[in-house]
Number of protein chains: 2
Amino acid sequence: MVTKQFSGSADEADLRRADSLAREIFSDVANKWALLIIEALGERTLRFSELRTAVEGISHKMLTQNLRMLERNGLVGRTVHPTVPPRVDYALTEPGRGLLVTVDAMCEWTHRRLADIDEARRRFGG
Amino acid sequence: MVTKQFSGSADEADLRRADSLAREIFSDVANKWALLIIEALGERTLRFSELRTAVEGISHKMLTQNLRMLERNGLVGRTVHPTVPPRVDYALTEPGRGLLVTVDAMCEWTHRRLADIDEARRRFGG
DNA sequence: CAGGATCCGCCCGGATACTG
DNA sequence: CAGTATCCGGGCGGATCCTG
């Protein structure tokens, strides 16, 4: 379970708040685009336009939307250079780096299991 | 990147196939309900109805849909007991257990960063 | 170049009813 | 109890246009 990992002397109301917060964060973060953005920023700081090509298939709208969300949660930092034309850099924060570790693990798992899954699908019939 | 981690003497076409497969798997797996189901099955084998209550908020339809998907990818095994009323058990396969490790890490990360994110949100303004 | 705003089609996902 | 089928509304997400 995502929730109910805290116990002890805390107030019940506090626990419920923590629970709903945890679920909210999980819902935010456990989505394809967010994780792909995190992964892309894992290598290095990227500009908006760079992210757009780094995360293949993402639309303008989804990119901004997810970037705002990640920024709101303090996982991605945003640096605006007051130049013309404007330049905006996105980079993982330290909490963001923590998440990156698990995303990396997930990507690695995907590749390690590629063959198994391919075969499983064939057996399943598709 | 999710893709392009293989290199060497393989055929270009093979690489592209592996890439698109990896993206497909990632899209399948990197969604809220799938991860919550994996997490729930991490503790023990569960019946359909048990999963329904274990994964809070999931609808009948989403549960079956995601279970089929996970089964198709060979991450979750399905055991039908020919009794009446019918009983169906769902359990992680060995590849599924591998994914569980990373999901667990993600949940742990969520809880570890709860306070930081809470504060980040407040600073962001909301 | 970054990104807000708007329109809108399509599909996700919930509710319900029905079968084995 | 487990699962499929159908209907349908809300929202996701793409395309486009516009600002600084």
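In what follows, every chain begins at residue 1, and chains take the letters A, B, ... in the order their sequences are listed.
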Atom-pair distance (CE on Met62(A); P on dT16(D)), nearest Å: 16 Å
Among Ile38(B), Leu99(B), Thr45(B), side-chain contact (heavy atoms from CB on, under 4.5 Å) partner for Leu92(B): Ile38(B)
Please write out each protein N/O paired with an N/O of nucleotides 2-6 of chain D under 3.5 Å, distance rounded to 0.1 Å.
from	atom 1	to	atom 2	distance (Å)
dA2(D)	OP1	Arg47(B)	NE	3.2
dA2(D)	OP1	Arg47(B)	NH2	3.4
dA2(D)	OP2	Ser49(B)	N	3.0
dA2(D)	OP2	Ser49(B)	OG	2.9
dG3(D)	OP1	Arg68(B)	NH2	3.4
dG3(D)	OP1	Arg78(B)	NH1	2.0
dG3(D)	OP1	Arg78(B)	NH2	3.3
dG3(D)	OP1	Tyr90(B)	OH	2.8
dG3(D)	OP2	Tyr90(B)	OH	2.8
dG3(D)	O5'	Arg68(B)	NH2	3.4
dG3(D)	N7	His60(B)	NE2	3.1

Rounded interatomic separation in angstrom, taking CD from Gln65(A) and C1' from dG11(D): 10 Å
For atom CG of Leu46(B) and atom P of dC1(D), their distance in whole Å: 15 Å
Atom-to-atom span, CG of Leu51(A) to P of dA2(C) - whole angstrom: 9 Å
Any donor-acceptor N or O pair under 3.5 Å, side chains Asn31(B), Asn31(A): no
For atom CD1 of Ile58(B) and atom C1' of dC12(C), their distance in whole Å: 13 Å
Counterpart residues, side-chain contact (heavy atoms from CB on, under 4.5 Å), relative to Val80(A) (two or more places apart): Arg78(A), Val88(A)
Within 6.0 angstrom of Arg17(B) CZ, more than 12 heavy atoms from elsewhere: no
Identified side-chain contact (heavy atoms from CB on, under 4.5 Å) partner of Leu51(A) from the options Asn66(A), Ile58(A), Leu63(A), Leu36(A): Leu63(A)
Whole-Å distance separating the CH2 atom of Trp33(A) from the P atom of dG11(D): 22 Å
Ring pair (Phe, Tyr, Trp, His ring centres under 6.0 Å) against Tyr90(A), all qualifying residues, sequence neighbours excluded: none
Atom-to-atom span, CG of Asn31(A) to C1' of dG11(D) - whole angstrom: 15 Å
Length of the line joining Leu63(B):CG and dA15(C):P, which is rounded to integer Å: 14 Å
